[in-house]
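What you are looking at is a predicted structure, and each value in this text was computed from that prediction instead of being measured. Naming: A, B, ... by sequence-line order, numbering from 1 per chain.
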Protein chains: 2
Amino acid sequence: MAENTADRGTTSGGRPARPDLAAMIVPLGRALMAAEQPVLDAHGLTMWAYSVLLHLDETPIRTQAALAEAIRADKTRIIAVLDDLEERKLIRRQPDPGDRRARLLSLTGEGRRLRDAVQAAIQQGEERLLAQLPAADRNGFLRGLQALSTLPELMPRKPGRETR
Amino acid sequence: MAENTADRGTTSGGRPARPDLAAMIVPLGRALMAAEQPVLDAHGLTMWAYSVLLHLDETPIRTQAALAEAIRADKTRIIAVLDDLEERKLIRRQPDPGDRRARLLSLTGEGRRLRDAVQAAIQQGEERLLAQLPAADRNGFLRGLQALSTLPELMPRKPGRETR
DNA sequence: AGAGTTCATATGCATGCGCTTACGATCTGC
DNA sequence: GCAGATCGTAAGCGCATGCATATGAACTCT
């Protein structure tokens, strides 16, 4: 399978014109997460907890399993996270009156406030980095990144099940 | 110096204009790695092994520890990887005549060939994704990404020790 | 009403990885 | 020539994660 079909794409012929995307993006992601960590620590949030806060606000979530899948966490592993968040009154976990097996998840006002504060701090740090890019590249980077992170082929949900 | 510019900064109270960078980049990195995986499997390479092949060619490496740090792997963990690559005649591991503790690492011709084949296949897949972006965004994305992945503040080497 | 399914939860297992220690061979400084 | 540092290698610990199973409550379909 070693077709060296060097049509457009990589440079025509030999050495690659750029490093692999993954080779740049994965370390970048690690660095960004490392940069977030102190902020999260300062607010007593794990990354999973922050993920939960982020996702809960965007879309009302009906079951914990759906939330787990949305943030790509293990269904059984977010339970402790939710326990903690609930105990700290950052989220609510009410049994669905229509289906008492499920727990309706929602942010409390305080949860929303914390979420906003943390996200503001994080994005402020990120902007400091983006500011080092030329404006044109920065905008292209952000647009390209947002486009790529919503590509369905790239962001495969678990095959088989629909979001209802 | 951290004053944000007039555009879509996040400091002034409102909803964020974009998701957190890490929230987009980390899943994107995962997806890219998942996309690479079949290619690597087809050639019997782990990600670490591929990392080694990539890095070995760019810069001559004198010690395994230096290589490990370069690819951000654990010093002790790449040993098995190197053993395998050497056995398959993809790399050479010669004792440095000047310092017989160290092992000079280099790619063999076959190693270089495999590296090229795998990288071509990987980048070809990546280009298929990038092709879905508008050309302007794609270029900005790539430029921004390359710029960010070389920012020293973002890509911290191990604190404390310098490359000597 | 009963079978099968879905949900939240608890638990256990295996894996991969970072970090630490140990050890023998070797190099460097004194 | 000896003490201490460095290199490669081996082994083990601990943590986070993914995957699987089990259980009890509740829901659905027939």
Remember a base hit wins even if backbone is also touched, and classify B:Arg103 as base, sugar-phosphate or nothing at under 4.0 Å, heavy atoms.
-> sugar-phosphate
Classify the nucleic acid contact of B:Thr63 as base, sugar-phosphate or nothing, counting any heavy atom under 4.0 Å across all strands shown.
-> sugar-phosphate
Nearest nucleotide by nearest heavy atom, which residue falls closer to the 5' end of DNA chain D, A:Asp74 or B:Asp74?
-> B:Asp74
More than 12 non-hydrogen atoms from neighbouring residues, nucleotides or ligands closer than 6.0 Å to [atom1] on [X], yes or no?
X: B:Arg112; atom1: CZ; answer: yes
X: B:Arg88; atom1: CZ; answer: yes
X: B:Glu87; atom1: CD; answer: no

N or O in side chain of [X] less than 4.0 angstrom from [N] OP1/OP2:
X: A:Arg100; N: D:dC27; value: yes
X: A:Trp48; N: D:dT17; value: yes
X: A:Gln64; N: C:dC7; value: no

Candidates A:Arg93, A:Arg77, A:Arg103 - the one meeting salt bridge (Lys or Arg N to Asp or Glu O under 4.0 Å) with A:Asp83 | A:Arg93
Would you kindly compare B:Thr76 and A:Arg93 by the position of their nearest DNA chain C nucleotide and give the one closer to the 5′ end?
-> A:Arg93
Taking for each residue the nucleotide of DNA chain C bearing the nearest heavy atom, is the 5' side occupied by A:Asp83 or by A:Asp99?
-> A:Asp99
Tell me the interatomic distance from [X], atom [atom1], to [N], atom [atom2], rounded to whole angstroms.
X: A:Glu69; N: C:dC7; atom1: CD; atom2: P; result: 11 Å
X: B:Arg72; N: C:dC19; atom1: CZ; atom2: C1'; result: 17 Å
X: B:Ile79; N: D:dA11; atom1: CD1; atom2: C1'; result: 11 Å
X: B:Ile78; N: D:dA10; atom1: CD1; atom2: P; result: 13 Å

Looking at [N], does its base get a donor-acceptor pair with the side chain of [X] below 3.5 Å?
X: A:Arg30; N: C:dG18; value: no
X: B:Arg101; N: D:dT6; value: yes
X: B:Arg77; N: C:dG16; value: no

